[in-house]
Colleague: 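Could you have a look at this structure, given as structure tokens, before my questions?
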Amino acid sequence: TGNSVVLQNNGADDLTVAADGGFTFSAFLDDGSPYAVTVLTQPAATPQLCTVVNGAGTVAGANVTTVEVTCADLVDLTMAVLPEGAGTTTPPVGSTGVVVSAPQPIVATANAGYDFVKWTSSDGAAVLADPNSASTTVTMTAAATVTANFCLLHTWYPDVDGDGFGDPAGMPVEQCSQPDGHVEDNTDCNDADALEHPDQTWFKDEDGDGYSDGTSCVACQRPAGHFVEAELTATSGDPDDTNPDITPDEFPWPIFLPAI
């Protein structure tokens, strides 16, 4: 009870030890008999972890005096995950007693669709050896929370022409943040021409004089004899879209009537 630890020898002969110093099991062992000292019950009053050193062997004609029991104070390491459901941790999410000032291995494992980002701690009582490594250690001086942070993975496609539409034939990249020259869209029909992309409006300028007669269509690839608004002087008003010499600036022509 209290701060005592309960030991066993060979799975029986329970012995309660409540203070520093030597201890003796009640059952005698014959010369040549094996012994195996283990911890049955850890101290309850003060969270501690007791371990046995040199606990197993064979009696060799004298009392065994090399068995040692060492107890170390424990603190609560609370493991958490952000966002919830993004991954798992070892030790698992929740509170685990760990030895004070002893490096405690911790591991973060991302669930499908997520990637590990970094570890964070609630305060300076938890010192992380490498916050950016999914497998590292934490050294605790007091109770604290350590959180495994994950991010949602996105699929990014190359956007060579920078029109905001990605190349469906390009090599996609799986990562959380957007890499340079990549977008989430993959519907571009021509990633070498920024003007050719889905939902583009094209104006017909058959004669190529920079004026459209107002005829337009929506298409990804450029139809023959069509241009975008930025390429034209005007998107409507051409009186004859088959003659480049006739433009709105020159039409209607003045009409001269002979004098009577």
Side-chain angles (χ1 to χ4, degrees), residues 1-8 11 14 16-20 36-57 66-156 171-180 182 184:
T1 61
N3 284 336
S4 61
V5 58
V6 179
L7 306 177
Q8 283 190 327
D14 295 2
T16 299
V17 179
D20 292 342
V37 179
T38 56
V39 175
L40 175 64
T41 304
Q42 299 285 352
T46 302
Q48 288 185 318
L49 177 66
C50 297
T51 56
V52 178
V53 179
N54 301 322
T66 56
V67 178
E68 296 181 2
V69 178
T70 302
C71 297
D73 291 337
L74 298 178
V75 292
D76 281 338
L77 166 60
T78 301
M79 303 292 289
V81 166
L82 284 178
E84 186 177 350
T88 59
T89 63
T90 304
V93 170
S95 294
T96 300
V98 298
V99 176
V100 174
S101 300
Q104 168 67 40
I106 55 175
V107 179
T109 304
N111 287 338
Y114 290 88
D115 194 19
F116 173 77
V117 179
K118 64 178 180 180
W119 296 99
T120 55
S121 60
S122 58
D123 54 50
V127 179
L128 293 157
D130 185 356
N132 298 313
S133 174
S135 179
T136 186
T137 62
V138 60
T139 301
M140 310 283 292
T141 57
T145 298
V146 173
T147 301
N149 296 272
F150 299 89
C151 63
L152 182 65
L153 285 170
H154 297 264
T155 302
W156 306 96
M171 182 66 70
V173 176
E174 292 280 339
Q175 63 183 57
C176 297
S177 57
Q178 183 175 7
D180 291 340
H182 288 71
E184 286 192 273

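Model, not experiment: these values are computed from the prediction. Starting from 1, each residue takes its place in the sequence as its number.
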Colleague: Quick one: OG1 on Thr155 to CD on Glu184, what's the gap to the nearest 0.5 Å?
Modeller: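 Reported to 0.5 Å precision, the distance equals 8.0 Å.
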Colleague: Does any part of the side chain of Pro172, heavy atoms only, come nearer than 4.5 Å to the side chain of Glu174, both counted from C-beta?
Modeller: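 A side-chain contact is absent here, since even the closest heavy-atom pair is not under 4.5 Å.
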Colleague: Could you pull out all residues at least two apart from Gln178 that satisfy side-chain contact (heavy atoms from CB on, under 4.5 Å)?
Modeller: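 Trp156, Val183.
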Colleague: Counting N and O atoms only, with roles assigned by atom type, does the side chain of Gln42 sit under 3.5 Å from a partner on the main chain of Cys50, one being a donor and the other an acceptor?
Modeller: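 Judged by distance alone, yes, a pair lies under 3.5 Å.
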Colleague: Kindly check if the number of other-residue, nucleotide or ligand heavy atoms within 6.0 Å of CG (Asp20) is above 12?
Modeller: no
Colleague: Just jot down the side-chain contact (heavy atoms from CB on, under 4.5 Å) partners of Gln8, sequence neighbours excluded, or say none.
Modeller: Asp14, Thr38, Leu40
Colleague: Are Thr51 and Val39 side-chain neighbours, meaning at least one heavy-atom pair lies under 4.5 Å?
Modeller: no
Colleague: Mind checking the CZ-OG spacing from Phe116 to Ser133? Nearest 0.5 Å is all I need.
Modeller: 7.0 Å
Colleague: Using the test side-chain contact (heavy atoms from CB on, under 4.5 Å), find all partners of Glu84 that sit at least two apart in sequence or belong to another chain.
Modeller: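 Once residues adjacent in sequence are excluded, Glu84 has no partner under the side-chain contact (heavy atoms from CB on, under 4.5 Å) criterion.
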Colleague: Side-chain donor-acceptor contacts of residues 87-104 below 3.5 Å, not counting sequence neighbours, with atom names and distances?
Modeller:
residue	atom	partner	partner atom	Å
Thr89	OG1	Pro91	O	2.7
Thr89	OG1	Val93	N	3.4
Ser95	OG	Thr78	OG1	3.1

Colleague: Restricting to side chain to side chain donor-acceptor pair (under 3.5 Å), what partner residues turn up for Asp130, sequence neighbours left out?
Modeller: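 Asp130 satisfies side chain to side chain donor-acceptor pair (under 3.5 Å) with no other residue.
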Colleague: Could you list the donor-acceptor pairs under 3.5 angstrom formed between side-chain atoms of residues 139-151 and any protein atom two or more places apart in sequence or on another chain?
Modeller:
residue	atom	partner	partner atom	Å
Thr141	OG1	Ala125	O	3.4
Asn149	ND2	Lys118	O	3.1
Asn149	ND2	Thr120	OG1	3.1
Asn149	ND2	Thr147	O	3.3

